[in-house]
Q: 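This is the structure I have questions about; it appears just below.
Quick caveat: nothing in here was measured; it's all calculated off a predicted structure. Residues: numbered from 1 along the sequence shown. Both ligands and their constituent atoms are indexed starting at 1 by order of listing.
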Amino acid sequence: MAGKVWFVGAGPGDPDLVTVKGRDLVARAGAILYAGSLVAEAALRWAPEGCVKRDSKDMALEEIVAWLIEQARQHETVVRLQTGDPSLYGALVEMARPLDTAAIPWGVVPGVSSAMASAAAAGESLTLPEVTQTVILTRVAGRTPMPSGEELEALAAHHATLCLFLSITLLPEVQRALKAAGWADDAPILVVQKATWPEEEKIIRGTLADIRDRCRAEKIGSQAMIIASPALGARYWPDISRSKLYDPAFGHRFRRASTSEEKTA
Ligand code: SAH
């Protein structure tokens, strides 16, 4: 009888941001494979005594899969801890398919993605009524090419919020693409490095024109999220359009509207 492999989202770094379900699985795991220093603490904090722990940072995908299968044959619960949420840039399918082939059951526990953690760290809303109601989670092409139609320039043409993973070393390309898509030189750009990491989190605010220099000055070269959004900095704007959800004139399931408009409707 094989055990079950759980792909658990460990969140962006702060161990308190692991879900309760994720923590409970770690606490009863027979074996844990964790992805480098980013989630090491979460693994070590709640892992039971005698649990097999392994850092995957020097393992190829085939080795990871082989390790998970081997451990699942010995333990009831095996946890693969991943940064942020496992469904984003986490090779989930590549790991899960061989488990299917080996008839090993698996499940996923979602995690707090670094995109959400970065917005939270900076106190920003990624959506704002009448400004943008769409968030695009993407990256620029590195060694992984972008599928046709998903070039940053094409996505940026929507002028919606962009959360860019895995792209901090490619800031010149980000600048080029946004400019080509019509974003102004003074469009606000946010970069958050190591969001939620105690003592290490850095929040850099700049514009499309100067964000690269600001990041260079702060030596930001890895583990950073880039957020470009027309909603950034809205808390300092003199006026914002009110969110309909809290507008007294807008009734919804839990509250009746209070205007004459609805009474006559
Ligand atoms: N599954 C992860 C993303 C893995 S890809 C998630 O949902 O967050 C790795 C990229 O995520 C990094 O290049 C960086 O862009 C981003 N990232 C991961 N942790 C981060 C953190 N604590 N702060 C800022 N960006 C982070």
Q: Could you tell me whether D16 and R45 make a salt bridge, using a distance below 4.0 angstrom between a side-chain N and a carboxylate O?
A: yes
Q: Assess the side chains of S56 and R80: does a donor N or O sit below 3.5 Å from an acceptor N or O?
A: yes
Q: Do you know the tightest heavy-atom contact between P48 and A27?
A: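 Shortest heavy-atom separation between P48 and A27 comes out as CG-O, 3.4 Å.
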Q: More than 12 heavy atoms of other residues, nucleotides or ligands under 6.0 Å from CD of E200: yes or no?
A: yes
Q: If you measure from each non-hydrogen atom of M225 to ligand 1, which part falls under 4.0 Å: side chain, backbone, both or neither?
A: both
Q: Could you tell me whether some N/O pair between Y89 and ligand 1 is separated by less than 3.5 angstrom?
A: no
Q: What is the minimum heavy-atom distance between V18 and R23, and which atoms define it?
A: CG1-N, 3.7 Å
Q: Taking the non-hydrogen atoms of G90, is any one of them nearer than 4.0 angstrom to ligand 1?
A: no
Q: State whether E201 and K194 are salt-bridged, where the test is any N-O pair (Lys NZ or Arg NE/NH1/NH2 against Asp/Glu carboxylate O) under 4.0 Å.
A: no
Q: May I ask you to list the atoms of ligand 1 that are less than 4.0 angstrom from any heavy atom of K194?
A: 21 (C), 22 (N), 23 (N), 24 (C)
Q: Does an N or O from D85, backbone or side chain, lie closer than 3.5 Å to an N or O of ligand 1?
A: yes
Q: For ligand 1, note which part of V192 has a heavy atom under 4.0 Å away: side chain, backbone, both or neither.
A: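 Contact part for V192 vs ligand 1: backbone (N, CA, C, O).
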Q: Determine whether the side chain, the backbone, both or neither of Q223 has a heavy atom under 4.0 Å from any heavy atom of ligand 1.
A: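 For Q223, the contact with ligand 1 is made by the backbone alone.
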Q: Report yes if A224 has an N/O atom closer than 3.5 Å to an N/O atom of ligand 1; otherwise report no.
A: yes
Q: In terms of ring plane angle, is the pair W106 and F7 parallel, tilted or perpendicular, where the classes change at 30° and 60°?
A: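 Plane angle over 60°, so perpendicular.
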Q: Using a 4.0 Å heavy-atom cut-off, which part of A115 comes near ligand 1: side chain, backbone, both, or neither?
A: neither
Q: Going by distance only, is there an N or O of P86 that falls short of 3.5 Å from an N or O of ligand 1?
A: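 In this structure, P86 places no N or O atom under 3.5 Å from an N or O of ligand 1.
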Q: Closer than 4.0 Å to some heavy atom of T83 - which atoms of ligand 1 meet that?
A: 1 (N), 2 (C), 4 (C), 6 (C)
Q: Would you mind finding which of L166, T196, L88 brings a heavy atom closest to atom 3 (C) of ligand 1?
A: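 The residue whose heavy atom sits nearest atom 3 (C) of ligand 1 is L88.
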Q: What I want to find out is whether E153 reaches K179 closely enough, with some N-O distance under 4.0 Å, to be called a salt bridge.
A: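 Not counted as a salt bridge, because no side-chain N and carboxylate O are separated by less than 4.0 Å.
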Q: Out of all atoms in ligand 1, which are within 4.0 Å of some heavy atom of F165? Include the element for each.
A: 3 (C), 6 (C), 8 (O), 11 (O), 15 (O)
Q: For D213, is there an ion pair with R216 - N to carboxylate O distance below 4.0 angstrom?
A: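 The answer is yes: the pair qualifies as a salt bridge.
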Q: For ligand 1, which atoms, with element, lie under 4.0 Å from some heavy atom of S113?
A: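 Taking each heavy atom of S113 in turn, ligand 1 has 6 (C), 7 (O), 8 (O) under 4.0 Å.
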